[in-house]
Amino acid sequence: MAVTPSMRERKLTKRELFDELYDEYLDLPKKERALKIMDGLFPYFDSVEQLKWYVDLGMERKYRNIVARRVRMVRKANLADFNYFCTFTYDDKKHTEETFKKKLKNKLSLLAYRQGWRYMGVWERSPEKKRLHFHGLFNVPDNAMVGELVEKTDFSTVTHTMQTINLNTYFEERFGRNDFKELDKRLLGESLAYLMKYIEKTGERIVYSKGMYQYFISDIMDEDIVSTIGQEDKKLLLFDDFNCWDEGVLMGKVSPEVIAKMRKCN
């Protein structure tokens, strides 16, 4: 990427320019990406040593951010009890890309507020046709589903085979093609890996609904502690069947049902 006068006119900071170059060369292997970034930043440093130090520092910052996003995503997912992996596909007969993205986001936010839906997902473009999609893990409470789920079999132009999807009639009418796959809880890790692989490759941010928390709050009794761990022994290693307490009230042994009753926080 050549540094142009327009960049200087925009008065980018070094960090902002680094981030732009990082995103531009995101598809390159790590070493090649670093070299391209160094080329773009070269005019702004007095020595190659300073430049290399700055780029190494920036690459490390990006790596730490990815790790933090991955940890946050997994923590939230483990408390969400997802039951569907959903895909919503842009239909140019119903929307522009802008209205598709805006109205789908608004509708999902409304369902989260009124019906208690919880979700995390990412915007993606298909590899060949570059058609916009939203992929997400969803928790749809009992009796909170809108529309009906109808099994539909058709031909996939991507895999060139017949495929079966669970089409939601409500979203089909308003947004177009969609698929509500029931989630096998044993495959949650694979679904999370898919979302994380995509955001690490493209730099896309994860979309979270309100009400997605990283932690639940519980008092801990001495008999449930195996040992202290971590830096300066500030963390506790608990037995797998520890008891959950809420302000002196025993809620039960840890389980999805008990965790659902506990207070949450981020």
Side-chain angles (χ1 to χ4, degrees), residues 19-28 62 65-66 69-70 72-73 76-77 80 82-113 115 117-140 145-183 187-188 190-210 212:
D19 289 343
E20 284 196 3
L21 292 165
Y22 185 93
D23 290 342
E24 181 173 350
Y25 298 115
L26 201 57
D27 289 336
L28 295 179
K62 289 292 187 178
N65 289 345
I66 287 173
R69 292 167 70 186
R70 183 187 297 132
R72 182 168 61 250
M73 183 183 75
K76 288 176 179 286
F82 293 124
N83 50 8
Y84 289 97
F85 186 91
C86 300
T87 300
F88 304 89
T89 303
Y90 164 62
D91 185 342
D92 55 13
K93 296 178 181 178
K94 296 180 180 292
H95 291 282
T96 64
E97 283 196 356
E98 183 179 351
T99 60
F100 172 71
K101 206 168 183 178
K102 180 180 179 180
K103 291 188 177 182
L104 180 59
K105 179 182 177 182
N106 288 343
K107 176 51 64 178
L108 294 178
S109 295
L110 195 61
L111 288 169
Y113 176 72
Q115 303 284 76
W117 286 36
R118 298 290 178 263
Y119 57 88
M120 63 167 63
V122 64
W123 295 99
E124 175 190 17
R125 291 190 181 276
S126 57
E128 294 182 1
K129 295 185 177 181
K130 305 300 180 183
R131 186 171 291 274
L132 187 65
H133 296 72
F134 182 76
H135 293 292
L137 289 160
F138 283 70
N139 175 295
V140 181
M145 180 64 76
V146 294
E148 296 181 7
L149 296 184
V150 178
E151 193 173 276
K152 180 179 179 181
T153 301
D154 59 12
F155 183 76
S156 170
T157 58
V158 176
T159 62
H160 301 289
T161 58
M162 299 301 293
Q163 63 179 0
T164 301
I165 62 172
N166 291 317
L167 192 73
N168 182 290
T169 56
Y170 180 90
F171 286 97
E172 180 191 28
E173 179 182 346
R174 291 161 178 78
F175 298 97
R177 185 182 178 85
N178 62 82
D179 188 9
F180 278 62
K181 285 189 182 351
E182 287 193 32
L183 183 67
L187 302 179
L188 175 61
E190 292 183 14
S191 300
L192 290 173
Y194 173 84
L195 295 181
M196 181 53 64
K197 180 180 179 181
Y198 186 78
I199 66 171
E200 289 178 1
K201 181 181 178 182
T202 64
E204 282 280 354
R205 292 187 175 276
I206 300 176
V207 178
Y208 292 109
S209 66
K210 289 186 177 180
M212 294 285 296

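Predicted model only: the values in this text are computed from it and were never measured.
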Look at the side chain of S209 and the backbone N and O of Y119, then say whether any donor-acceptor pair between them is shorter than 3.5 Å.
yes
Has N83 got a side-chain atom pairing as donor or acceptor with V140's backbone, closer than 3.5 angstrom?
yes
Would you indicate whether E148, at its atom CD, is surrounded by more than 12 heavy atoms from other residues, nucleotides or ligands within a distance under 6.0 Å?
no
Backbone of L167 reached by a side-chain donor or acceptor of N178 within 3.5 Å
no
K94 atom NZ, neighbour heavy-atom count above 12 within 6.0 Å
yes
Heavy-atom closest contact (V122 atom, R205 atom, distance):
CG2-O, 4.1 Å
Closest approach of F180 and M145, non-hydrogen atoms and distance?
CD2-CE, 4.0 Å
Do K62 and D19 meet the salt-bridge criterion of a basic N to acidic O distance under 4.0 Å?
yes
Could you walk me through whether Y90 and H95 pass the ring pair (Phe, Tyr, Trp, His ring centres under 6.0 Å) check?
CA-CA 7 Å; Y90 164 62; H95 291 282; 7.9 Å; no
Whether D91 side chain and R177 backbone form a donor-acceptor pair below 3.5 Å
no
For R118, is there any backbone N or O sitting under 3.5 Å from a side-chain donor or acceptor partner on N139?
no
In terms of the angle between their ring planes, are H135 and H133 parallel, tilted or perpendicular, with boundaries placed at 30° and 60°?
parallel
